[in-house]
There are 2 protein chains.
Amino acid sequence: MRCWVNGQPSQQLALQDRGLAYGDGLFESIAVRRGRAPLLDWHLARLQRGCERLRLPCPTAELLAQLTAFIAEQQDGVVKLILTRGVGQRGYALPDPCQPTLILQGLPTPAYPAGHATDGVRLFACRTRLAEQPLLAGIKHLNRLEQVLARAEWQDSAFPEGLVCDTQGRVIEGVSSNLFLQRGGVLMTPDLQRCGVAGVMRAWLLEQAAVLRIPLQVRDISLADLQAADEVFVCNSLFGIWPVRELADSHWPVGGLTRKLQGLVSRLMDE
Amino acid sequence: MRCWVNGQPSQQLALQDRGLAYGDGLFESIAVRRGRAPLLDWHLARLQRGCERLRLPCPTAELLAQLTAFIAEQQDGVVKLILTRGVGQRGYALPDPCQPTLILQGLPTPAYPAGHATDGVRLFACRTRLAEQPLLAGIKHLNRLEQVLARAEWQDSAFPEGLVCDTQGRVIEGVSSNLFLQRGGVLMTPDLQRCGVAGVMRAWLLEQAAVLRIPLQVRDISLADLQAADEVFVCNSLFGIWPVRELADSHWPVGGLTRKLQGLVSRLMDE
């Protein structure tokens, strides 16, 4: 696998890096097509929000230069970026000065069955609940044990994705994706102020919906809201949009708005 | 620094290790005196609980053999153990088969001012709140951004430790330690079923208190309970016990029970 650590080819990380010790850092999984990353600006915006939240030095010109060069070389696939607080001594106190570690990894495009996008998917109903932690909500940090535990709940490939709720039972997201629903012509997606990862595809779709003047609500969503939806889909930057057809006893058709947004995503990624 | 990775001297970790990607693992910071780790059994018991919770292969004979040899070579200081789920592909699903990574690092004994143990300490009142996540509470996993954020709140060395509460305002622990209080002859420490790290020194002290028939309560503790305490202390496996003299507007004397337990800890560590 092609990997850079701070601009140099490397397959390894110093054991004293705080990314390992505390999950003290952020990551982005960036889809690359023909040497371009269509959602790069959205990834960088989220990375910057994460840096501000974690008090990490913000993405610098040097980071941008390395990332741009790495993406160009990648041509197609996924560029995984990890930004950590770098090497530190034992103990939680922030290292001073802080020398962040930038890791870039080039991966092949994931092979998702085409039927997931065309026919839709079944969601596994995860019992793992997401804790409410506003300080970490929305950003893509390296503390991902909740997702690991949720994804470990099922092995059956009939479920390409799982649904996770928060400790109050609110619907939050897929294990590796965000969730939208449409009801009565209104597009809705869970508010992620308390927990969850605010995906870049979610952000892009919210912008598109605004441009298209699709009525839009970012709000708390209950399981009853989800059951009453006219259409449901999950999205992320790698697979785009998958219609959701089934969760436990609930069933939904593949809706017209889902198809319309899938068309926009296809144009975005293939242009 | 002396480091082993899976039994071999190494300073580096594979970039694909899930310890880095997701904080998918556990750690222990083990005090070593003259080639012995007085609290080793308590560390191993917590490690095993963590392994069960994270569905990691339990500490094996091989892990014990490496750890024992490493501790003997260390003689004095701290042995930091990190156990991760090992190398994995992109995505949260558990690798199958799973080949955990065992990292051992030898560190010098931390130099704490002697006055902290004799005269007591002031606690910084952290605004960072701990989220309620029963699935991860009590174990010492690698997802420690809450502690990083809490510890980043102050730089003033007049505060050797900070107090953190949960999102409901209950008193939970120090950033790197557990908290006890005594009131009316009853020793109390916060219940850690919802959040917090159940320290090995806390576990050892709870056992000692039972042996000594000191009335004991593991329960929810409010700031008002803390303020009304007759004595307060924080503890961990590296510094032992520090009396707490001050937190915001509250003051406590160094109490007799604190001194008695300090004596027990000194005997444990020096024997």
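In what follows, every chain begins at residue 1, and chains take the letters A, B, ... in the order their sequences are listed.
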(request) Find the one option among Leu130(A), Thr167(A), Leu54(A) whose heavy-atom pairs under 4.5 Å with chain B are most numerous. (result) Leu54(A)

(message) Between Gln155(B) and Leu94(A), is the side chain to side chain contact (heavy atoms under 4.5 Å, CB included) condition met? List the steps.
(response) CA-CA 9 Å; Gln155(B) 282 77 46; Leu94(A) 302 190; 5.8 Å; no

(message) Which atoms of Pro134(A) are under 4.5 Å from chain B, going by heavy atoms: the side chain, the backbone, both sets, or neither?
(response) neither

(request) Spell out, as yes or no, whether a donor-acceptor pair under 3.5 Å connects the side chain of Arg55(B) to the backbone of Ala152(A). (result) yes

(request) List the atom of Val175(A), the atom of Tyr92(B), and the distance in Å for their closest heavy-atom pair. (result) O-CE1, 3.5 Å

(message) Tell me the closest heavy-atom pair linking Leu149(B) and Arg53(A), and the distance in Å.
(response) CD2-O, 3.7 Å

(message) Does atom CZ (Arg2(A)) have a neighbourhood of more than 12 heavy atoms from anything else shown, all under 6.0 Å?
(response) yes

(message) What part of Leu142(A) gets within 4.5 angstrom of chain B, counting heavy atoms only: side chain, backbone, both, or neither?
(response) both

(request) Against chain A, label Leu145(B) side chain, backbone, both or neither, depending on which of its atoms sit under 4.5 Å from a heavy atom there. (result) both

(message) When you compare the side chain of Leu107(A) with that of Gln89(B), does any pair of heavy atoms fall below 4.5 Å?
(response) no

(request) Name the region of Thr84(B), side chain, backbone, both or neither, that has any atom closer than 4.5 Å to a heavy atom of chain A. (result) side chain

(message) Check this for me: Glu73(A), atom CD, are more than 12 non-hydrogen atoms of other residues, nucleotides or ligands nearer than 6.0 Å?
(response) yes

(request) Answer yes or no: does atom CD of Glu52(B) have more than 12 heavy-atom neighbours from other residues, nucleotides or ligands under 6.0 Å? (result) yes

(message) Please determine whether side chain to side chain contact (heavy atoms under 4.5 Å, CB included) holds for the pair Met1(B) and Gln16(A), giving the CA-CA distance in whole Å, both sets of side-chain angles, and the decisive distance to 0.1 Å.
(response) CA-CA 10 Å; Met1(B) 189 185 303; Gln16(A) 285 74 36; 3.1 Å; yes

(message) Taking side chain as everything from C-beta outward and backbone as N, CA, C, O, which of these in Gln105(A) sits under 4.5 Å from a heavy atom of chain B? Side chain, backbone, both or neither.
(response) side chain

(request) With the side chain counted from C-beta on, respond yes when Glu146(B) and Leu136(A) share a heavy-atom pair under 4.5 Å apart, and no when they do not. (result) yes

(request) Report, as yes or no, whether the 6.0 Å neighbourhood of atom CD on Gln75(B) holds more than 12 heavy atoms from other residues, nucleotides or ligands. (result) yes

(request) Looking only at non-hydrogen atoms, find the nearest pair between Ser29(B) and Arg90(A) and report the distance. (result) OG-NH1, 4.3 Å

(message) So which residue, Leu15(A), Asp17(A), Val5(A), ends up with the most heavy-atom pairs under 4.5 Å with chain B?
(response) Leu15(A)

(message) So does Arg144(B) get a backbone contact from the side chain of Asn143(A), meaning a donor-acceptor N/O pair under 3.5 Å?
(response) yes

(request) Enter the distance from Gln133(B):CD to Asp166(A):CG here, rounded to the nearest 0.5 Å. (result) 11.0 Å

(request) Name the region of Arg129(B), side chain, backbone, both or neither, that has any atom closer than 4.5 Å to a heavy atom of chain A. (result) backbone

(request) For each of Ala14(A), Cys3(A), Ala21(A), tally heavy-atom pairs with chain B at distances under 4.5 Å, and name the one with the top tally. (result) Ala21(A)

(request) Please indicate whether Gln11(A) has more than 12 foreign heavy atoms, meaning atoms of other residues, nucleotides or ligands, lying under 6.0 Å from its CD. (result) yes

(request) Identify which part of Ile103(A) has an atom lying under 4.5 Å from any heavy atom of chain B, answering side chain, backbone, both or neither. (result) side chain

